[in-house]
Number of protein chains: 2
Amino acid sequence: MEQNLRELFQVFSRRFGFLNKDCCQACGHNISLVQSHILYEVEHQYQPSIQQVAESLGTDITTFSRQVQSLIKLNLISKKPDPKDRRISILSLTEEGKEVAENINQQMNQYLDDVFSNMSQEEKEMVIRSIQLLNKSMQKTTKCCTTPLG
Amino acid sequence: MEQNLRELFQVFSRRFGFLNKDCCQACGHNISLVQSHILYEVEHQYQPSIQQVAESLGTDITTFSRQVQSLIKLNLISKKPDPKDRRISILSLTEEGKEVAENINQQMNQYLDDVFSNMSQEEKEMVIRSIQLLNKSMQKTTKCCTTPLG
DNA sequence: AACAATTATTTGCAAATTGCAAGTAATTGC
DNA sequence: GCAATTACTTGCAATTTGCAAATAATTGTT
(Lines give C-alpha, C1' and ligand atoms only; values in the text may rest on other atoms or scores of the structure.)
Protein backbone atom coordinates (compact mmCIF):
# COMPACT_ATOMS: atom_id res chain seq x y z
CA MET A 1 0.00 0.00 0.00
CA GLU A 2 2.63 2.55 0.93
CA GLN A 3 3.62 3.15 -2.65
CA ASN A 4 6.09 5.84 -3.51
CA LEU A 5 4.15 9.05 -3.92
CA ARG A 6 6.04 10.11 -6.94
CA GLU A 7 5.47 6.82 -8.69
CA LEU A 8 1.75 7.16 -8.22
CA PHE A 9 1.69 10.61 -9.73
CA GLN A 10 4.15 9.81 -12.47
CA VAL A 11 2.05 6.94 -13.76
CA PHE A 12 -1.09 8.98 -13.57
CA SER A 13 0.27 11.98 -15.39
CA ARG A 14 1.83 9.80 -18.07
CA ARG A 15 -1.56 8.21 -18.70
CA PHE A 16 -3.30 11.53 -18.79
CA GLY A 17 -0.69 12.75 -21.25
CA PHE A 18 -1.47 9.88 -23.59
CA LEU A 19 -5.14 10.68 -23.35
CA ASN A 20 -4.43 14.26 -24.26
CA LYS A 21 -2.31 13.23 -27.20
CA ASP A 22 -4.89 10.79 -28.50
CA CYS A 23 -7.65 13.33 -28.29
CA CYS A 24 -5.93 16.08 -30.17
CA GLN A 25 -4.98 13.74 -32.96
CA ALA A 26 -8.44 12.27 -33.12
CA CYS A 27 -10.15 15.60 -33.63
CA GLY A 28 -9.58 15.59 -37.36
CA HIS A 29 -7.53 18.76 -37.58
CA ASN A 30 -4.13 17.21 -37.09
CA ILE A 31 -3.39 19.40 -34.14
CA SER A 32 -0.21 18.83 -32.19
CA LEU A 33 -0.28 18.35 -28.44
CA VAL A 34 1.35 21.72 -27.93
CA GLN A 35 -1.22 23.39 -30.13
CA SER A 36 -4.01 21.69 -28.21
CA HIS A 37 -2.65 23.09 -24.96
CA ILE A 38 -2.50 26.55 -26.46
CA LEU A 39 -6.09 26.41 -27.65
CA TYR A 40 -7.15 25.26 -24.21
CA GLU A 41 -5.34 28.05 -22.45
CA VAL A 42 -6.47 30.80 -24.82
CA GLU A 43 -10.05 29.65 -24.38
CA HIS A 44 -9.86 29.62 -20.60
CA GLN A 45 -8.13 32.90 -19.90
CA TYR A 46 -9.79 36.27 -20.10
CA GLN A 47 -8.40 38.34 -22.97
CA PRO A 48 -4.94 36.84 -22.58
CA SER A 49 -1.83 38.42 -24.00
CA ILE A 50 0.86 36.40 -25.73
CA GLN A 51 3.05 36.81 -22.69
CA GLN A 52 0.37 35.50 -20.34
CA VAL A 53 -0.35 32.35 -22.28
CA ALA A 54 3.34 31.64 -22.81
CA GLU A 55 3.91 31.90 -19.08
CA SER A 56 0.94 29.73 -18.24
CA LEU A 57 2.31 27.03 -20.46
CA GLY A 58 5.91 27.50 -19.33
CA THR A 59 7.08 28.10 -22.89
CA ASP A 60 9.81 30.46 -23.96
CA ILE A 61 8.14 33.55 -25.30
CA THR A 62 9.98 33.61 -28.62
CA THR A 63 9.00 30.03 -29.29
CA PHE A 64 5.48 30.82 -28.29
CA SER A 65 5.32 33.83 -30.56
CA ARG A 66 5.99 31.52 -33.47
CA GLN A 67 3.51 28.92 -32.30
CA VAL A 68 0.89 31.65 -32.28
CA GLN A 69 1.83 32.58 -35.82
CA SER A 70 1.29 29.07 -37.04
CA LEU A 71 -2.07 28.80 -35.27
CA ILE A 72 -3.12 32.04 -36.91
CA LYS A 73 -2.17 30.59 -40.29
CA LEU A 74 -4.33 27.58 -39.47
CA ASN A 75 -7.14 30.05 -38.72
CA LEU A 76 -7.62 28.70 -35.21
CA ILE A 77 -6.72 31.74 -33.17
CA SER A 78 -6.63 35.46 -33.84
CA LYS A 79 -4.55 38.29 -32.46
CA LYS A 80 -5.72 41.86 -31.90
CA PRO A 81 -3.82 44.75 -30.39
CA ASP A 82 -5.04 45.80 -26.98
CA PRO A 83 -6.63 49.26 -27.48
CA LYS A 84 -5.30 50.39 -24.09
CA ASP A 85 -1.72 49.32 -24.75
CA ARG A 86 -0.84 48.63 -28.32
CA ARG A 87 2.29 46.69 -27.47
CA ILE A 88 0.05 43.95 -26.22
CA SER A 89 -1.59 41.40 -28.50
CA ILE A 90 -4.76 39.86 -27.19
CA LEU A 91 -5.40 36.33 -28.28
CA SER A 92 -8.74 34.70 -28.90
CA LEU A 93 -10.10 31.62 -30.62
CA THR A 94 -11.65 31.97 -34.05
CA GLU A 95 -14.95 30.23 -34.71
CA GLU A 96 -12.98 27.36 -36.19
CA GLY A 97 -10.68 27.35 -33.20
CA LYS A 98 -13.65 27.17 -30.87
CA GLU A 99 -14.98 24.22 -32.77
CA VAL A 100 -11.69 22.38 -32.56
CA ALA A 101 -11.33 23.16 -28.86
CA GLU A 102 -14.88 22.01 -28.20
CA ASN A 103 -14.25 18.85 -30.18
CA ILE A 104 -11.18 18.05 -28.13
CA ASN A 105 -12.97 18.91 -24.92
CA GLN A 106 -15.83 16.56 -25.72
CA GLN A 107 -13.48 13.73 -26.53
CA MET A 108 -11.55 14.25 -23.34
CA ASN A 109 -14.69 14.26 -21.26
CA GLN A 110 -15.95 11.19 -23.03
CA TYR A 111 -12.75 9.34 -22.28
CA LEU A 112 -12.84 10.53 -18.69
CA ASP A 113 -16.44 9.38 -18.32
CA ASP A 114 -15.24 6.07 -19.59
CA VAL A 115 -12.57 5.98 -16.92
CA PHE A 116 -15.05 6.87 -14.23
CA SER A 117 -17.47 4.22 -15.42
CA ASN A 118 -15.29 1.73 -13.59
CA MET A 119 -16.09 3.43 -10.29
CA SER A 120 -19.02 3.74 -7.97
CA GLN A 121 -20.68 7.12 -7.53
CA GLU A 122 -19.01 7.52 -4.13
CA GLU A 123 -15.61 6.73 -5.56
CA LYS A 124 -16.10 9.17 -8.38
CA GLU A 125 -17.01 11.91 -5.96
CA MET A 126 -14.02 11.12 -3.81
CA VAL A 127 -11.68 11.27 -6.79
CA ILE A 128 -13.06 14.60 -7.94
CA ARG A 129 -12.78 16.06 -4.46
CA SER A 130 -9.21 14.79 -4.30
CA ILE A 131 -8.12 16.40 -7.53
CA GLN A 132 -9.72 19.66 -6.48
CA LEU A 133 -7.88 19.44 -3.21
CA LEU A 134 -4.61 18.75 -4.98
CA ASN A 135 -5.06 21.67 -7.30
CA LYS A 136 -5.70 24.02 -4.41
CA SER A 137 -2.80 22.64 -2.48
CA MET A 138 -0.39 22.87 -5.38
CA GLN A 139 -1.42 26.45 -5.92
CA LYS A 140 -0.66 27.27 -2.30
CA THR A 141 2.76 25.72 -2.47
CA THR A 142 4.66 28.58 -3.98
CA LYS A 143 7.84 26.57 -4.19
CA CYS A 144 6.79 24.72 -7.26
CA CYS A 145 4.06 23.55 -9.55
CA THR A 146 3.14 27.00 -10.77
CA THR A 147 4.41 29.62 -13.11
CA PRO A 148 4.60 33.23 -11.99
CA LEU A 149 1.00 33.64 -13.09
CA GLY A 150 -0.23 30.69 -11.09
CA MET B 1 -18.71 22.63 -7.65
CA GLU B 2 -19.64 20.75 -10.81
CA GLN B 3 -16.48 21.74 -12.59
CA ASN B 4 -15.70 20.36 -15.97
CA LEU B 5 -13.88 17.09 -15.42
CA ARG B 6 -11.34 17.76 -18.10
CA GLU B 7 -10.53 21.18 -16.68
CA LEU B 8 -9.77 19.66 -13.32
CA PHE B 9 -7.39 17.13 -14.79
CA GLN B 10 -5.82 19.53 -17.22
CA VAL B 11 -4.87 21.95 -14.48
CA PHE B 12 -3.53 19.18 -12.33
CA SER B 13 -1.41 17.59 -14.99
CA ARG B 14 -0.03 20.94 -16.08
CA ARG B 15 1.07 21.61 -12.52
CA PHE B 16 2.58 18.21 -12.16
CA GLY B 17 4.44 18.76 -15.41
CA PHE B 18 5.99 21.94 -14.06
CA LEU B 19 7.05 20.11 -10.94
CA ASN B 20 8.69 17.46 -13.06
CA LYS B 21 10.48 20.05 -15.14
CA ASP B 22 11.70 21.95 -12.11
CA CYS B 23 13.02 18.83 -10.48
CA CYS B 24 15.04 17.58 -13.38
CA GLN B 25 16.64 20.94 -13.88
CA ALA B 26 17.37 21.31 -10.19
CA CYS B 27 19.23 18.05 -9.94
CA GLY B 28 22.46 19.59 -11.12
CA HIS B 29 22.99 17.47 -14.19
CA ASN B 30 21.12 19.64 -16.64
CA ILE B 31 18.84 16.82 -17.63
CA SER B 32 15.97 17.52 -19.98
CA LEU B 33 12.45 16.55 -19.08
CA VAL B 34 12.48 13.86 -21.73
CA GLN B 35 15.70 12.45 -20.36
CA SER B 36 14.27 12.44 -16.86
CA HIS B 37 11.31 10.39 -18.05
CA ILE B 38 13.62 7.93 -19.75
CA LEU B 39 15.70 7.46 -16.62
CA TYR B 40 12.54 6.91 -14.62
CA GLU B 41 11.19 4.33 -17.01
CA VAL B 42 14.46 2.43 -17.40
CA GLU B 43 14.76 2.24 -13.65
CA HIS B 44 11.26 0.92 -13.14
CA GLN B 45 11.07 -1.72 -15.82
CA TYR B 46 12.70 -5.10 -15.60
CA GLN B 47 15.48 -5.46 -18.14
CA PRO B 48 13.71 -3.28 -20.66
CA SER B 49 14.55 -3.25 -24.33
CA ILE B 50 14.78 -0.05 -26.33
CA GLN B 51 11.48 -0.89 -27.96
CA GLN B 52 9.75 -1.37 -24.62
CA VAL B 53 10.83 1.91 -23.13
CA ALA B 54 10.03 3.79 -26.32
CA GLU B 55 6.53 2.36 -26.29
CA SER B 56 6.01 3.11 -22.62
CA LEU B 57 6.86 6.69 -23.25
CA GLY B 58 4.93 6.92 -26.50
CA THR B 59 8.01 8.05 -28.40
CA ASP B 60 8.87 7.17 -31.96
CA ILE B 61 11.46 4.43 -31.83
CA THR B 62 13.98 6.13 -34.08
CA THR B 63 13.84 9.25 -31.99
CA PHE B 64 14.19 7.16 -28.89
CA SER B 65 17.18 5.30 -30.26
CA ARG B 66 18.98 8.60 -30.53
CA GLN B 67 17.89 9.73 -27.10
CA VAL B 68 19.40 6.56 -25.73
CA GLN B 69 22.63 7.31 -27.55
CA SER B 70 22.89 10.71 -25.95
CA LEU B 71 22.18 9.32 -22.48
CA ILE B 72 24.91 6.76 -23.02
CA LYS B 73 27.30 9.56 -23.92
CA LEU B 74 26.33 11.27 -20.69
CA ASN B 75 27.14 8.01 -18.93
CA LEU B 76 23.70 7.76 -17.39
CA ILE B 77 22.44 4.60 -18.99
CA SER B 78 24.10 1.58 -20.56
CA LYS B 79 23.05 -0.83 -23.27
CA LYS B 80 23.87 -4.51 -23.44
CA PRO B 81 22.77 -7.08 -26.01
CA ASP B 82 20.31 -9.63 -24.70
CA PRO B 83 22.21 -12.96 -24.62
CA LYS B 84 19.05 -14.82 -25.68
CA ASP B 85 18.32 -12.58 -28.65
CA ARG B 86 21.11 -10.39 -29.80
CA ARG B 87 18.87 -8.09 -31.79
CA ILE B 88 17.60 -6.76 -28.51
CA SER B 89 19.44 -4.17 -26.44
CA ILE B 90 18.73 -4.21 -22.75
CA LEU B 91 18.90 -0.88 -21.03
CA SER B 92 19.98 -0.18 -17.50
CA LEU B 93 21.05 2.78 -15.40
CA THR B 94 24.73 3.29 -14.73
CA GLU B 95 25.81 4.12 -11.20
CA GLU B 96 25.79 7.77 -12.17
CA GLY B 97 22.38 7.34 -13.75
CA LYS B 98 21.06 5.79 -10.57
CA GLU B 99 22.34 8.73 -8.59
CA VAL B 100 20.67 11.22 -10.88
CA ALA B 101 17.41 9.27 -10.86
CA GLU B 102 17.51 9.04 -7.08
CA ASN B 103 18.25 12.72 -6.81
CA ILE B 104 15.25 13.57 -8.98
CA ASN B 105 13.08 11.14 -7.09
CA GLN B 106 13.96 12.68 -3.76
CA GLN B 107 13.23 16.16 -5.01
CA MET B 108 9.90 15.09 -6.40
CA ASN B 109 8.91 13.43 -3.17
CA GLN B 110 10.03 16.43 -1.21
CA TYR B 111 7.89 18.73 -3.32
CA LEU B 112 4.97 16.34 -3.05
CA ASP B 113 5.34 16.21 0.72
CA ASP B 114 5.21 19.94 0.62
CA VAL B 115 1.98 19.83 -1.32
CA PHE B 116 0.49 17.35 1.11
CA SER B 117 1.52 19.45 4.07
CA ASN B 118 -1.49 21.62 3.30
CA MET B 119 -3.78 18.69 4.00
CA SER B 120 -5.01 16.74 6.97
CA GLN B 121 -3.98 13.11 7.33
CA GLU B 122 -7.46 12.00 6.25
CA GLU B 123 -7.33 14.19 3.19
CA LYS B 124 -3.94 12.89 2.26
CA GLU B 125 -5.11 9.32 2.51
CA MET B 126 -8.15 10.10 0.42
CA VAL B 127 -6.06 11.70 -2.28
CA ILE B 128 -3.68 8.77 -2.43
CA ARG B 129 -6.52 6.29 -2.62
CA SER B 130 -8.05 8.38 -5.38
CA ILE B 131 -4.96 8.41 -7.53
CA GLN B 132 -4.54 4.69 -7.06
CA LEU B 133 -8.13 4.22 -8.10
CA LEU B 134 -7.64 6.41 -11.14
CA ASN B 135 -4.57 4.51 -12.21
CA LYS B 136 -6.35 1.19 -11.98
CA SER B 137 -9.34 2.55 -13.78
CA MET B 138 -7.32 4.08 -16.57
CA GLN B 139 -5.52 0.81 -17.04
CA LYS B 140 -8.81 -1.02 -17.39
CA THR B 141 -10.09 1.39 -19.98
CA THR B 142 -8.44 -0.06 -23.03
CA LYS B 143 -9.76 2.69 -25.26
CA CYS B 144 -7.18 5.16 -24.15
CA CYS B 145 -4.61 6.28 -21.65
CA THR B 146 -2.23 3.42 -22.29
CA THR B 147 0.29 2.35 -24.83
CA PRO B 148 0.25 -1.21 -26.15
CA LEU B 149 2.44 -2.16 -23.23
CA GLY B 150 0.12 -0.62 -20.65
C1' DA C 1 19.88 -26.46 -44.71
C1' DA C 2 18.33 -22.36 -47.59
C1' DC C 3 15.94 -18.47 -47.83
C1' DA C 4 11.83 -15.50 -47.38
C1' DA C 5 9.45 -13.03 -43.59
C1' DT C 6 9.60 -10.87 -39.26
C1' DT C 7 11.66 -8.26 -35.47
C1' DA C 8 14.92 -4.91 -33.04
C1' DT C 9 17.64 -1.37 -33.73
C1' DT C 10 20.21 2.14 -36.33
C1' DT C 11 21.19 5.78 -39.89
C1' DG C 12 19.97 9.46 -43.78
C1' DC C 13 17.66 13.21 -44.35
C1' DA C 14 14.62 16.92 -44.24
C1' DA C 15 11.27 19.38 -41.57
C1' DA C 16 9.73 21.25 -37.28
C1' DT C 17 10.77 23.09 -32.62
C1' DT C 18 13.59 25.15 -29.56
C1' DG C 19 15.98 29.32 -27.16
C1' DC C 20 19.38 32.95 -26.96
C1' DA C 21 20.70 37.50 -28.74
C1' DA C 22 19.35 41.28 -30.91
C1' DG C 23 15.78 43.95 -33.04
C1' DT C 24 11.32 46.96 -33.28
C1' DA C 25 7.50 49.33 -31.44
C1' DA C 26 4.79 51.27 -27.69
C1' DT C 27 4.56 52.92 -23.00
C1' DT C 28 6.26 54.63 -18.52
C1' DG C 29 9.01 57.34 -15.38
C1' DC C 30 11.84 60.99 -14.10
C1' DG D 1 11.67 64.94 -23.67
C1' DC D 2 14.44 61.13 -23.41
C1' DA D 3 16.30 57.03 -20.96
C1' DA D 4 14.35 52.77 -19.17
C1' DT D 5 11.02 49.31 -19.40
C1' DT D 6 7.73 46.24 -21.54
C1' DA D 7 5.53 43.30 -25.30
C1' DC D 8 6.47 41.21 -28.97
C1' DT D 9 9.11 39.70 -33.26
C1' DT D 10 13.05 38.08 -36.11
C1' DG D 11 17.93 36.00 -37.06
C1' DC D 12 20.27 32.56 -36.28
C1' DA D 13 22.12 27.97 -34.85
C1' DA D 14 21.41 23.88 -32.31
C1' DT D 15 18.43 20.25 -31.02
C1' DT D 16 14.54 17.17 -31.68
C1' DT D 17 11.46 15.07 -34.44
C1' DG D 18 9.73 11.13 -37.62
C1' DC D 19 9.45 8.82 -42.07
C1' DA D 20 12.00 5.84 -45.27
C1' DA D 21 15.48 2.87 -45.86
C1' DA D 22 19.39 0.08 -44.14
C1' DT D 23 21.44 -3.45 -41.09
C1' DA D 24 21.56 -7.29 -38.20
C1' DA D 25 19.57 -11.22 -35.80
C1' DT D 26 15.91 -14.52 -35.42
C1' DT D 27 11.92 -17.36 -36.90
C1' DG D 28 9.16 -19.94 -40.08
C1' DT D 29 8.69 -22.65 -44.36
C1' DT D 30 9.74 -25.91 -47.35
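A, B, ... follow the sequence lines: proteins, then strands. Residue 1 opens every chain.
Side-chain N/O atoms of Gln67(B) include none lying less than 4.0 angstrom from OP1 or OP2 on dT15(D). Of the side-chain N and O atoms in Gln69(B), none sit less than 4.0 angstrom from OP1 or OP2 of dT9(C). For dT17(C), the OP1/OP2 oxygens have no side-chain nitrogen or oxygen of Thr63(A) closer than 4.0 Å. Here Ser65(B) does not reach the OP1 or OP2 of dT9(C): none of its side-chain N or O atoms lies under 4.0 Å away.
Rounded to a whole Å, the NZ atom of Lys79(A) is 8 Å from the C1' atom of dT9(D). What separates CG of Asp82(A) from P of dA26(C) is a distance of 14 Å, to the nearest Å. As rounded to whole Å, 12 Å separates atom P of dG18(D) from atom CG of Leu33(A). Arg66(B) has its CZ atom 12 Å from the C1' atom of dA20(D), to the nearest Å. Taking atom CG of residue Leu91(A) and atom C1' of nucleotide dC8(D), one finds them 11 Å apart after rounding to whole Å. When the P atom of dA15(C) is taken as reference, atom CG of Asp60(B) falls 17 Å away, rounded to whole Å. Across the protein-nucleic acid pair, Ile90(B) atom CD1 and dA8(C) atom C1' stand 12 Å apart, rounded to whole Å. Note: CD (Gln51(B)) to P (dA8(C)) measures 5 Å, nearest angstrom.
The base of dT6(D) lies close enough to the side chain of Arg87(A) for a donor and an acceptor atom to sit less than 3.5 Å apart. For a distance-only test at 3.5 Å, the side chain of Thr62(A) fails to qualify as a donor-acceptor partner of the base of dC8(D).
Within the 6.0 Å centre-distance limit, the rings of Phe12(B) and Phe12(A) are counted as a close aromatic pair.
In this structure, the side chains of Thr59(B) and His37(B) stay at 4.5 Å or more apart for every pair of heavy atoms.
When the nearest nucleotides of DNA chain C are assigned to Ile50(B) and Lys84(A) by heavy-atom distance, the more 5′-ward of the two goes with Ile50(B).
As judged by a 4.0 angstrom heavy-atom cut-off over every strand, Ser32(A) is placed among residues making no nucleic acid contact.
Phe116(A) approaches Lys124(A) most closely through the heavy-atom pair CD2-CG, 3.6 Å.
Counting only N and O atoms by type, the side chains of Gln110(B) and Gln106(B) include no donor and acceptor under 3.5 Å apart.
Ion pairing between a basic and an acidic side chain is recognised when a charged N comes within 4.0 Å of a carboxylate O; Arg14(A) and Glu41(B) show such pairing.
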